[in-house]
Amino acid sequence: MVAASTLKSKPNELANNLKEKLIKLDFFEDVQSAGPGFINIFLKRNDFVSTINVINKMRDSFGKSKVGDGKKVQIEFVSANPTGPLHVGHGRGAAFGDAIGRILEATGSLVEKEYYINDAGRQIDILTTSVLLRMIKEDINNYFPQNAYKGKYIEDIANKLKKDINLNCDYESLTKDMPKDPEKEIDQIIENIKDQDESSWNQAKEFSLAEMVKSIKNDLKTFNVDFDHWFNESSLGDVSDSSSEISNSINKLKSDGNAYEKDGAIWLNTDISGDDKHRVLIREDGRATYFASDVAYHKNKIDRGFDKLVNIWGADHHGYIKRIEASIETLGSSKEKLIVKLVQFANLFKEGKKVKMSTRSGEFFTLKDLIDDIGTDAARFYYLSKQADQHLDFDIDLAKSDSKENIFYYIQYAHARIVSLEEKALKKNSKIKTNINNIENNSYKECDKLIHEISKYPDVVNKAANALQPHLVIYYLRDLAQLFHSYYNDNHVLSETDQNIESILACLLSVRQVISNGLDLLGISPIEKM
RNA sequence: GCGCCUGUAGCUCAGCUGGAUAGAGCAACUGCCUUCUAAGCAGUGGGUCAGGAGUUCGAAUCUCUUCAGGCGCGCCA
């Protein structure tokens with residue numbers, strides 16, 4: 001059909017001509033032209049069925065490939081500020097990044113998963129302040145600075161810290177004569193504590209940060225997400241240190257003429273990426289912006305020699321892409337190396353109602369809450385069930401329900417049924433093996449649809465890798481499970497002859513293998529018994 | 001105002017590097033458990049693929065445009 005216009009011929013005439021030639025080849029059973037110019041090729045039954053043997057021999061490696069060509073790919077994801085527990089929004093990024101990592105690895109890339117810890121800057125100061133204030137003030141209902149964190153986790157850290165330090169300040173003196181602006185208020189309190197008891201401040205800061213990172217690591221571990229590398233923003237150093245990485249990046253940009261001084265600040269010229277305006281790297285008051293750290297961080301990543309950098313960001317950061325691309329280009333690399341995947345927010349629904357997220361008050365549904373409620377595997381599954389750059393309505397009740405609507409269990413059920421069938425077959429006759437005995441047998445031909453479907457699997461994995469879309473695997477597994485359940489209902493395997501059972505089992509075990517392999521790409525364990 | 005994402009069956013969503021009669025689940029209706037797990041299966045009804053224009057042999061898919069919804073546009077992070 002593609003050739004039709006260049007050959008100035010009608011697609012279906014071309015198809016007919018081609019068909020006559022193809023049919024003469026002896027490795028095809030039959031060739032038919034159809035519709036507006038399609039050519040349907042029928043494989044010889046022997047070759048078609050032999051897919052099963054391939055799968056049962058390859059096992060875990062069926063579907064894996066080397067198309068990634070050993071390219072070094074770094075995936076940076078989650079990277080949530082260590083100022084509070086991971087919430088359900090982070091969960092989506094975590095599930096997505098981890099699945100992308102698994103899929104790229106399966107297709108032959110060398111993957112490194114990294115978490116960027118924002119352990120420098122004002123956010124951590126606010127965390128420290130919140131902990132210290134909480135430590136010296138029991139009752140936070142009457143008055144507590146608006147911008148301080150108030151969650152239970154702050155109280156927990158404060159209680160632990162109490163054993164080690166004795167803050168040499170009192171609450172009233174720290175918070176008297178406060179500016180009305182909540183931003184300025186919290187900054188003032190930070191200054192006050194530093195002035196009054198610097199050593200406690202430093203100790204509290206280190207401790208609070210360590211506690212938060214520990215809790216984040218724990219949550220991610222529970223969520224079956226492993227990072228290869230944790231990168232501290234603080235390791236990039238400070239602009240006050242002229243030999244730090246952050247200073248080096250900025251100096252290079254300046255000496256190349258890509259950064260300049262204006263209104264007392266240092267700006268990056270971002271014209272190259274078509275960004276709206278130039279961006280500030282160093283503020284008027286001499287402090288670096290968050291962006292400056294990010295520029296140095298991306299330079300660091302590039303210097304580490306990755307072929308591809310995949311950044312997984314919340315969709316609200318999309319306006320940030322162009323300025324990072326500009327920094328990569330102006331630092332002498334290619335923005336083509338950077339792939340930013342945006343993850344839209346997930347709305348949680350429970351009992352038909354949207355679960356409210358109130359970060360300010362500290363009352364929110366955390367990732368840990370979700371895992372405790374529905375389990376790691378179901379949570380990962382539903383996070384991945386929709387394209388990442390689209391809004392996700394996450395229905396908690398559905399994820400727990402025992403109906404067909406719950407695709408997670410629908411797929412797992414297929415897997416469990418096959419496991420159980422194999423057990424029963426072996427109980428019936430312990431000598432049962434998996435051999436393809438008679439492929440022309442009618443009861444065996446019922447398996448054809450299944451064989452056809454599992455033979456598509458490697459292609460699905462490649463597509464998911466190219467598009468960075470794990471959800472393709474989910475929809476494929478659902479279709480495969482559906483075909484299996486249908487087969488299972490229509491055919492009573494164990495009443496067949498032993499010889500037929502061996503053949504059928506060979507097919508069904510390869511179906512089981514594909515389900516298991518597919519789930520593995522998503523970081524989900526198959527269920528053996530339900 | 002500018003940028004990004006989205007609009008497909010009553011509902012939740014697949015399909016989008018153009019290709020055969022647009023698919024699945026739920027909901028509605030009808031059947032299937034003395035036999036391997038009914039968390040299952042089979043069937044019926046349900047569509048101007050938001051509207052319009054264009055490119056093409058061919059458009060849900062590409063381009064333009066209108067409408068509707070979400071998000072982002074700091075010397076915040």
Side-chain angles (χ1 to χ4, degrees), chain A residues 1-2 4-5 8-12 33-38 40 79-81 83 118 120-124 126 183 233 262-267 274-294 314-322 340 342 344-345 347 349 385-393 395 398 400-414 416-425 427-428 463 466-467 471-472 474-476 478-479 481-482 484-496 501 504 508 527 529-530:
Chain A
M1 288 179 279
V2 177
S5 63
K8 300 217 165 85
S9 177
K10 286 181 181 164
N12 51 0
S33 64
F38 289 97
N40 291 329
S79 298
N81 275 341
T83 53
N118 295 107
R122 184 161 167 265
Q123 293 303 316
I124 299 303
I126 297 177
E183 299 279 341
E233 181 190 358
K262 188 188 148 206
D263 303 333
I266 306 289
W267 299 71
D275 196 11
D276 299 343
K277 49 184 159 189
H278 296 179
R279 305 291 173 176
V280 170
L281 291 164
I282 300 183
R283 300 179 179 96
E284 214 175 340
D285 65 8
R287 290 178 306 148
T289 57
Y290 175 84
F291 176 53
S293 298
D294 245 2
D316 53 336
H317 284 65
H318 86 258
Y320 210 74
I321 297 173
K322 290 215 163 134
V340 180
L342 297 177
Q344 285 284 356
F345 288 111
N347 287 320
F349 284 84
S385 67
K386 208 179 159 182
Q387 233 169 309
D389 62 357
Q390 293 181 25
H391 294 272
L392 173 72
D393 287 339
D395 187 336
L398 171 66
K400 288 199 286 191
S401 78
D402 51 1
S403 71
K404 184 177 179 178
E405 204 179 351
N406 189 345
I407 324 170
F408 174 67
Y409 285 107
Y410 183 74
I411 293 167
Q412 294 282 19
Y413 190 31
R417 274 181 152 175
I418 297 172
V419 171
S420 159
L421 264 184
E422 189 191 13
E423 274 173 17
K424 290 234 161 61
K427 210 175 244 174
K428 185 178 169 224
K463 271 190 182 152
N466 282 332
H471 80 283
L472 296 176
I474 286 191
Y475 283 92
Y476 168 78
R478 187 206 55 191
D479 290 346
Q482 186 163 42
F484 167 74
H485 285 308
S486 177
Y487 173 87
Y488 184 90
N489 243 267
D490 294 345
N491 302 278
H492 197 263
V493 178
L494 296 184
S495 29
E496 295 280 343
I501 289 177
I504 293 168
L508 296 185
I527 295 176
K529 229 184 192 72
M530 289 179 68

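All values below were derived from every heavy atom in this structure, side-chain atoms included, with hydrogens, water molecules and symmetry-related copies excluded. Chain letters run A, B, ... following the sequence lines, proteins first and then strands; every chain starts at 1. No experiment lies behind these values; they were computed from the predicted model shown.
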Checklist entry - With no angle test and no hydrogens, is the base of B/rA20 tied to the side chain of A/Asn40 by a donor-acceptor pair under 3.5 Å? => result yes
Figure out the [atom1]/[atom2] separation between [X] and [N], and round it to whole Å.
X        : N      : atom1 : atom2 : result
A/Arg279 : B/rA77 : CZ    : C1'   : 14 Å
A/Leu472 : B/rG23 : CG    : P     : 19 Å
A/Lys424 : B/rU35 : NZ    : P     : 13 Å
A/Leu398 : B/rC13 : CG    : P     : 11 Å
A/Asp276 : B/rG3  : CG    : C1'   : 7 Å
A/Glu183 : B/rG74 : CD    : P     : 15 Å
A/Leu392 : B/rC13 : CG    : P     : 8 Å
A/Leu421 : B/rU37 : CG    : P     : 7 Å

Checklist entry - Given that both distances must come in under 3.5 Å, which nucleotide forms a Watson-Crick or G-U wobble pair with B/rG43? => result B/rC29
Next on the checklist: With a 3.5 Å limit on both atom pairs, tell me what B/rC57 is paired to, counting Watson-Crick and G-U wobble, or say none.
Outcome noted: B/rG19
Of the listed nucleotides [options], the one nearest the side chain of [X]:
X        : options                : answer
A/His318 : B/rC5, B/rG72, B/rC75  : B/rG72
A/Asp389 : B/rC36, B/rC75, B/rC5  : B/rC5
A/His492 : B/rC73, B/rG15, B/rC36 : B/rC36

Checking all strands, does [X] fall into the base, sugar-phosphate, or nothing category for heavy-atom contacts under 4.0 angstrom?
X        : answer
A/Ile407 : nothing
A/Asp479 : nothing
A/Ala416 : base
A/Gln387 : sugar-phosphate
A/Tyr475 : sugar-phosphate

For [X] and [Y], work out which heavy atoms get closest and say how close.
X        : Y        : value
A/Gln344 : A/His391 : OE1-CE1, 3.4 Å
A/Thr289 : A/Val280 : OG1-O, 3.0 Å
A/Ala265 : A/Arg283 : CB-C, 4.1 Å
A/Gln123 : A/Asn81  : CG-ND2, 4.0 Å

Counting only side-chain N and O atoms of [X], is one of them less than 4.0 Å from OP1 or OP2 of [N]?
X        : N      : result
A/Lys262 : B/rC75 : no
A/Arg283 : B/rC76 : yes
A/Lys277 : B/rC2  : no
A/Gln390 : B/rA14 : yes
A/His471 : B/rG15 : yes
A/Ser420 : B/rU37 : yes

If we take the [atom1] atom in both [N] and [M], what is their distance in whole Å?
N      : M      : atom1 : result
B/rU61 : B/rU17 : P     : 11 Å
B/rC29 : B/rA68 : P     : 38 Å
B/rC62 : B/rU55 : C1'   : 8 Å

Checklist entry - If you pin A/Lys529 and A/Asp393 to their nearest nucleotides in RNA chain B, which one's is more 5'? => result A/Asp393
Checklist entry - Closest nucleotide of RNA chain B for A/Lys322 versus for A/Glu233: which of these residues is on the 5' side? => result A/Lys322
Quick one, [X] and [Y] - any side-chain contact, counting heavy atoms below 4.5 Å?
X        : Y        : result
A/Arg122 : A/Ile126 : yes
A/Asp395 : A/Ser401 : no
A/Asn118 : A/Tyr290 : yes

Item to check | Residue pair A/Ser293 / A/Glu233, side-chain donor-acceptor N/O under 3.5 Å | outcome: yes
Just the table, please: protein N/O against nucleotides 39-43 of chain B N/O, every pair under 3.5 Å.
unit_1: B/rA39; atom_1: O4'; unit_2: A/Asp402; atom_2: O; d: 3.0
unit_1: B/rG40; atom_1: OP1; unit_2: A/Lys404; atom_2: N; d: 3.0
unit_1: B/rG40; atom_1: OP2; unit_2: A/Lys404; atom_2: N; d: 3.4
unit_1: B/rG40; atom_1: O2'; unit_2: A/Arg417; atom_2: NH1; d: 3.0
unit_1: B/rG40; atom_1: O2'; unit_2: A/Asn489; atom_2: ND2; d: 3.1
unit_1: B/rG40; atom_1: N2; unit_2: A/Asn489; atom_2: OD1; d: 3.2
unit_1: B/rC41; atom_1: OP1; unit_2: A/Lys404; atom_2: NZ; d: 3.4
unit_1: B/rC41; atom_1: OP1; unit_2: A/Tyr410; atom_2: OH; d: 2.4
unit_1: B/rC41; atom_1: OP2; unit_2: A/Lys404; atom_2: NZ; d: 2.8
unit_1: B/rC41; atom_1: O4'; unit_2: A/Asn489; atom_2: ND2; d: 3.0
unit_1: B/rA42; atom_1: OP1; unit_2: A/Ser486; atom_2: OG; d: 3.1

Checklist entry - For B/rC33, does the O4'-C1'-N9-C4 (purine) or O4'-C1'-N1-C2 (pyrimidine) torsion place it in syn, i.e. within 90° of 0, or in anti? => result syn
Checklist entry - With under 30° as parallel and over 60° as perpendicular, where do the rings of A/Phe484 and A/Tyr488 fit, or are they tilted in between? => result tilted
Next on the checklist: Parallel, tilted or perpendicular, judged at 30° and 60°: which one describes the rings of A/His485 and A/Tyr413?
Outcome noted: tilted
